[in-house]
Amino acid sequence: INNQCRCEYRTIHTIGLPLLIAIPYKFFGVEGARIWVMLLQFAAVILFYQILKKYISSPRQRYLGMALLLTCALFWQNLGAIFPDLLLVSFWGAVILLFDKKNPLSNALMAALVVFGSLIHSKGLVLTAPLMLFNALWLISKFGFVGWVKKYWLSVGLLVIGTLASSYFLYVHYGVFLPSQLYGQHG
């Protein structure tokens, strides 16, 4: 080995996935991490049903939606894979279920899920950032900007601190500020 070469391997999925599997991996190795990831992926199925139940009144249509999900080859192909995409479905599901709540704690939990989901993969922002924006605009229309910041300070703080911490991590470890820059010119 050439002593002048310093080789490093870094995932383009940032720190969220390693944080999510660290404890199961530490105690049970790769198989423990796979089982943990599989449990989180099954949470996506439960959350998907809850979303259908929240937005679709017909039980027949809900069961059809569940059948489509459970017969989807992409779902079964990725089940147990230590890969972030299917895990994001769980985070998206939780965010969608918390959407349109006026409770400050629900909004703080939604903000925390958005921040952590974005640390798992930047694709998490594709759906959750617009939902957070619409939710914030809706709450601002109810309480005014100052009232929104006063009442939902924890949500606002989590989003600001999470965004700054994520950008700092990306800059220190990858030399970029935005997650899309990890994927090259067409990120």
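The analysis underlying the following values was restricted to heavy atoms, covering all of them including side chains, and did not include hydrogens, waters or symmetry mates. Numbering starts at 1 and runs along the sequence shown.
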Is [Y] reachable from [X] through a run of hydrophobic residues whose side-chain heavy atoms are each under 4.5 Å from the next?
{"X": "I51", "Y": "L64", "result": "no"}
{"X": "L133", "Y": "F145", "result": "no"}
{"X": "V37", "Y": "I46", "result": "no"}
{"X": "Y63", "Y": "F42", "result": "yes"}
{"X": "I161", "Y": "Y168", "result": "no"}

Does any non-hydrogen side-chain atom of [Y] lie less than 4.5 Å from one of [X]?
{"X": "L20", "Y": "F116", "value": "yes"}
{"X": "I35", "Y": "F28", "value": "no"}
{"X": "K151", "Y": "N107", "value": "no"}
{"X": "F143", "Y": "Y152", "value": "yes"}

Inset, instruction - Using atom types as modelled and distance alone, determine if a side-chain donor or acceptor of S141 lies under 3.5 Å from a backbone N or O of W138. - result: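 Side chain of S141 to backbone of W138: a pair is present.
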
With no hydrogens and no angle check, is any side-chain donor or acceptor of R62 less than 3.5 Å from a backbone partner on Y49?
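Here the side-chain-to-backbone pair does not exist.
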
Looking at every heavy atom in both [X] and [Y], which two are closest together, and how far apart are they?
{"X": "P24", "Y": "G32", "value": "CB-O, 3.7 Å"}
{"X": "V115", "Y": "L158", "value": "CG2-O, 3.5 Å"}
{"X": "A111", "Y": "S155", "value": "CB-O, 3.7 Å"}

Would you say that more than 12 heavy atoms from the other residues, nucleotides or ligands in this model lie under 6.0 Å from the CG of L70, or not? yes

Inter-residue atom distance [X].[atom1] - [Y].[atom2], 0.5 Å rounding:
{"X": "L105", "Y": "L154", "atom1": "CG", "atom2": "CG", "value": "8.0 Å"}
{"X": "L39", "Y": "R34", "atom1": "CG", "atom2": "CZ", "value": "14.0 Å"}
{"X": "L52", "Y": "S58", "atom1": "CG", "atom2": "OG", "value": "10.5 Å"}
{"X": "I21", "Y": "I23", "atom1": "CD1", "atom2": "CD1", "value": "11.5 Å"}
{"X": "N135", "Y": "I140", "atom1": "CG", "atom2": "CD1", "value": "10.0 Å"}

Trace of the side chain to side chain contact (heavy atoms under 4.5 Å, CB included) decision for W148 with V156: CA-CA 9 Å; W148 170 69; V156 175; 3.5 Å; yes

